[in-house]
Amino acid sequence: MDKITIAIDGYSSTGKSTVAKKLASKLGYVYVDSGAMYRVVTLFAMRHQWVDDNHFDKDTLISRLEDIDLAFHFNSEVGFAEVYLNGENVEKEIRTLDVSSFVSQVAAVPEVRTFLVKKQRKLGEDKGVVMDGRDIGTVVFPNAEIKIFMTASEQVRAQRRYEELKARGDQISFDDVLNNVRERDHIDSTRKQSPLKRAEGAIDIDNSYLTEEQVFSEIMDLVQKAIGSKN
């Protein structure tokens, strides 16, 4: 059976990764969390003190991009591939609000995007891939057979993110999370290179009031039709 490419774009905390993981598992496809890749670069910059609340040394980060060995390794205990930075599992560390606070400005650097888009295309060159992010359907895989654009209200997204962080034990306020969501939306949507936008031919899914299972079922129906049309 022919395999296809599934591109899922959308705003932060819309459940892109959750549904992408389930689709990949169901189909036996490779799952790639492109957002995790940008978070790894952000963590790398933070560890070297090239980005903080007061400055961002873009030039030094750009000059050191080739020092980043980024890889995904499947963890059977959790059921998905975790991300590694230079051989170290950083899956949990990249999900903190601290990293979230800087990831959009790091992702706006053209050289960073070029560096990671090349890696993303390599991961999906044989099809049979589900990738989620901000520019998968517009830049990385513009010819993907399935393109989804996920949205939800900012209040709903902030509440989801807040509950996720609290469950991890992070000491944060809802207002801080909401402000982070708004700031990331603005940066992602207004950056010059590869801004977040709906890809041509993408199907909109607003999951503000849909369950995970409803979203999965809706997208799975689209996938099965697309695969059926190729066979």
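Residue indices begin at 1 and follow the sequence shown. All values below come from the heavy atoms of this structure, side chains included, with hydrogens, waters and symmetry mates left out.
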Going by an N to O cut-off under 4.0 Å, is there a salt bridge joining [X] and [Y]?
X: R113; Y: D135; answer: yes
X: D67; Y: R64; answer: yes
X: K166; Y: E163; answer: no
X: E125; Y: K122; answer: yes
X: D9; Y: K147; answer: no
X: K3; Y: D126; answer: no
X: K22; Y: E213; answer: yes
X: E91; Y: R95; answer: yes

| field | Under 3.5 Å donor-acceptor, R160 side chain and E164 backbone | value | no
| query | Are I205 and I148 close enough, and set up right, to give a side chain to side chain contact (heavy atoms under 4.5 Å, CB included), and what steps lead you there? | reply | CA-CA 7 Å; I205 295 181; I148 303 295; 3.9 Å; yes
[Y] and [X] side chains, donor-acceptor separation under 3.5 Å:
X: S25; Y: Y31; answer: no
X: D188; Y: S104; answer: yes
X: S173; Y: D176; answer: yes

| task | Could you give me the CA-CA distance, side-chain angles and deciding distance for R168 and T96, then say whether side-chain hydrogen bond (donor to acceptor under 3.5 Å, both in side chains) is met? | result | CA-CA 9 Å; R168 285 168 38 128; T96 63; 5.6 Å; no
| request: Test F174 against L178 for side chain to side chain contact (heavy atoms under 4.5 Å, CB included), laying out the working first. | output: CA-CA 6 Å; F174 174 78; L178 178 59; 4.1 Å; yes
| remark: Across all chains, not counting sequence neighbours, the side chain to side chain donor-acceptor pair (under 3.5 Å) partners of T151 are none
| task | For side chain to side chain contact (heavy atoms under 4.5 Å, CB included), just list the numbers for R184 and Q105, CA-CA rounded to whole Å, side-chain angles, deciding distance to a tenth of an Å, and then say yes or no. | result | CA-CA 8 Å; R184 291 182 65 189; Q105 59 181 304; over 6 Å; no
| request: Output, in order, the C-alpha distance, side-chain angles, deciding distance and verdict of side-chain hydrogen bond (donor to acceptor under 3.5 Å, both in side chains) for D206 and S208. | output: CA-CA 6 Å; D206 184 335; S208 297; 2.7 Å; yes
| task | Test H55 against every option in D53, D57, D52 by the side-chain hydrogen bond (donor to acceptor under 3.5 Å, both in side chains) rule and name the one that passes. | result |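 Testing each of D53, D57, D52 against H55, the sole residue satisfying side-chain hydrogen bond (donor to acceptor under 3.5 Å, both in side chains) is D52.
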| request: Would you please test L61 and V41 for side chain to side chain contact (heavy atoms under 4.5 Å, CB included) and show each step? | output: CA-CA 9 Å; L61 173 59; V41 176; 4.1 Å; yes
| said: Would you say V112 ends up clustered with V83 if hydrophobic residues are merged whenever their side chains have heavy atoms under 4.5 Å apart, either directly or through other cluster members? | reply: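 In one cluster: yes.
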